[in-house]
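Computed from heavy atoms alone, side chains included, the values below leave out hydrogens, waters and symmetry copies.
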Amino acid sequence: MEYFECKVSYQKETGDGKLKPAKDVYIIEAINFADAETRVLEQVRPFVFAGQEVNMQTMRKVNFAEVVPNEQGHYWFKAKVQFTTVDEERGKEKKVNVQLLVEEENMESAYRTVNKLMEQSANDYEILNLQETAIVEVIRI
């Protein structure tokens with residue numbers, strides 16, 4: 001399975017019955033692009049005002065080493081982590097970057113979650129970047 005970032009736009013009904021443009025970002029776990037598109041459209045359709053269209057703005061593959069949901073979390077944070085490994089044959093250090101996606105309440109709790117995940121690694125690591133995303137939801141299989 002792979003992850004796809006899907007950006008969709010549509011008209012959504014507000015609490016007072018008016019239509020408002022919405023642009024949402026979803027991360028979809030899917031087999032391929034067609035599967036990802038089908039799944040995101042199924043997810044969004046209940047929020048679309050009757051007779052309105054859902055437009056797929058962009059879709060691209062994204063590479064996350066790990067996706068960590070949290071029922072108490074309200075925001076998705078993307079972390080760029082750099083591992084330092086040693087190439088045994090050449091005796092040289094090698095730096096490897098990975099991306100993680102964690103759902104948390106705030107930046108501080110996201111940082112703690114990433115550190116907790118990385119502490120389990122046998123390699124040295126450094127968190128190079130941690131940022132809040134516009135992701136509305138991650139839909140996994």
Side-chain angles (χ1 to χ4, degrees), residues 1-90 92-141:
M1 292 293 155
E2 298 182 90
Y3 289 104
F4 297 85
E5 179 185 85
C6 301
K7 294 181 184 180
V8 295
S9 64
Y10 57 96
Q11 295 288 321
K12 140 164 115 172
E13 188 174 8
T14 62
D16 59 1
K18 295 181 181 178
L19 291 180
K20 169 183 146 184
K23 290 185 179 181
D24 292 335
V25 179
Y26 291 86
I27 299 296
I28 309 292
E29 185 179 29
I31 298 168
N32 55 34
F33 282 98
D35 183 37
E37 182 175 11
T38 299
R39 296 187 70 218
V40 75
L41 293 176
E42 286 173 4
Q43 183 70 24
V44 173
R45 196 158 280 117
F47 303 108
V48 176
F49 189 72
Q52 299 295 315
E53 293 288 320
V54 178
N55 296 310
M56 183 68 64
Q57 297 294 311
T58 62
M59 188 183 327
R60 66 184 181 101
K61 282 186 187 180
V62 287
N63 193 12
F64 294 113
E66 185 124 16
V67 175
V68 183
N70 177 355
E71 288 183 16
Q72 282 75 44
H74 297 294
Y75 306 101
W76 286 96
F77 295 86
K78 184 168 44 173
K80 183 177 180 180
V81 178
Q82 185 175 73
F83 288 102
T84 304
T85 61
V86 177
D87 183 339
E88 297 292 334
E89 291 180 13
R90 298 183 184 149
K92 292 184 179 183
E93 283 189 353
K94 181 179 177 184
K95 308 254 184 208
V96 178
N97 294 337
V98 296
Q99 287 192 56
L100 309 172
L101 191 63
V102 297
E103 184 179 23
E104 279 298 340
E105 289 285 324
N106 54 47
M107 183 72 73
E108 186 178 320
S109 58
Y111 185 80
R112 283 194 307 268
T113 298
V114 171
N115 266 317
K116 189 175 180 180
L117 279 170
M118 296 302 100
E119 286 173 353
Q120 299 170 12
S121 170
N123 298 322
D124 291 337
Y125 70 92
E126 179 182 359
I127 299 173
L128 300 178
N129 188 8
L130 181 64
Q131 65 186 38
E132 185 178 335
T133 70
I135 296 167
V136 173
E137 189 174 351
V138 173
I139 303 164
R140 299 177 81 172
I141 292 180

**Request:** List the steps and the verdict of side-chain contact (heavy atoms from CB on, under 4.5 Å) for V68 and L100.
**Result:** CA-CA 8 Å; V68 183; L100 309 172; over 6 Å; no
If you define the side chain from C-beta out and look only at heavy atoms, does anything of [X] sit under 4.5 Å from [Y]?
{"X": "E5", "Y": "Y3", "answer": "no"}
{"X": "C6", "Y": "M56", "answer": "yes"}
{"X": "V81", "Y": "V114", "answer": "yes"}
{"X": "V67", "Y": "E29", "answer": "no"}
{"X": "T113", "Y": "N70", "answer": "no"}
{"X": "I135", "Y": "E103", "answer": "no"}
{"X": "F83", "Y": "M118", "answer": "yes"}

Between [X] and [Y], which heavy-atom pair has the shortest distance, and what is it?
{"X": "Y26", "Y": "V44", "answer": "CE1-CG2, 3.5 Å"}
{"X": "A30", "Y": "I141", "answer": "CA-CD1, 4.2 Å"}
{"X": "E53", "Y": "Y10", "answer": "O-CB, 3.6 Å"}
{"X": "Q57", "Y": "S9", "answer": "NE2-OG, 2.7 Å"}
{"X": "F33", "Y": "R60", "answer": "CE2-CA, 4.2 Å"}
{"X": "A134", "Y": "V25", "answer": "O-CB, 3.7 Å"}

From [X] atom [atom1] to [Y] atom [atom2], the distance as rounded to the nearest 0.5 Å:
{"X": "R39", "Y": "Q43", "atom1": "CZ", "atom2": "CD", "answer": "8.5 Å"}
{"X": "L130", "Y": "Y111", "atom1": "CG", "atom2": "OH", "answer": "8.5 Å"}
{"X": "M1", "Y": "I28", "atom1": "CE", "atom2": "CD1", "answer": "13.0 Å"}
{"X": "W76", "Y": "L101", "atom1": "CH2", "atom2": "CG", "answer": "5.0 Å"}
{"X": "D24", "Y": "E137", "atom1": "CG", "atom2": "CD", "answer": "10.0 Å"}
{"X": "R112", "Y": "E104", "atom1": "CZ", "atom2": "CD", "answer": "7.5 Å"}

Taking atom [atom1] as the centre, does [X] end up with more than 12 heavy-atom neighbours from other residues, nucleotides or ligands that are less than 6.0 angstrom away?
{"X": "E119", "atom1": "CD", "answer": "yes"}
{"X": "Y125", "atom1": "OH", "answer": "yes"}
{"X": "N63", "atom1": "CG", "answer": "no"}

**Item:** E93-T84 side chain donor-acceptor pair, cut-off 3.5 Å
**Value:**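 No.
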**Asked** Do S109 and N106 get their side chains close enough for a donor-acceptor pair, meaning under 3.5 Å?
**Response**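 Judged by distance alone, the side chains do pair up.
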**Prompt:** Under the side-chain contact (heavy atoms from CB on, under 4.5 Å) criterion, do K78 and F64 qualify, and how do the steps go?
**Reply:** CA-CA 9 Å; K78 184 168 44 173; F64 294 113; 3.9 Å; yes
**Prompt:** When Q82 is tested against each of N123, D124, N97, N129 for side chain to side chain donor-acceptor pair (under 3.5 Å), which residue passes?
**Reply:**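 So the option named by the test is N97.
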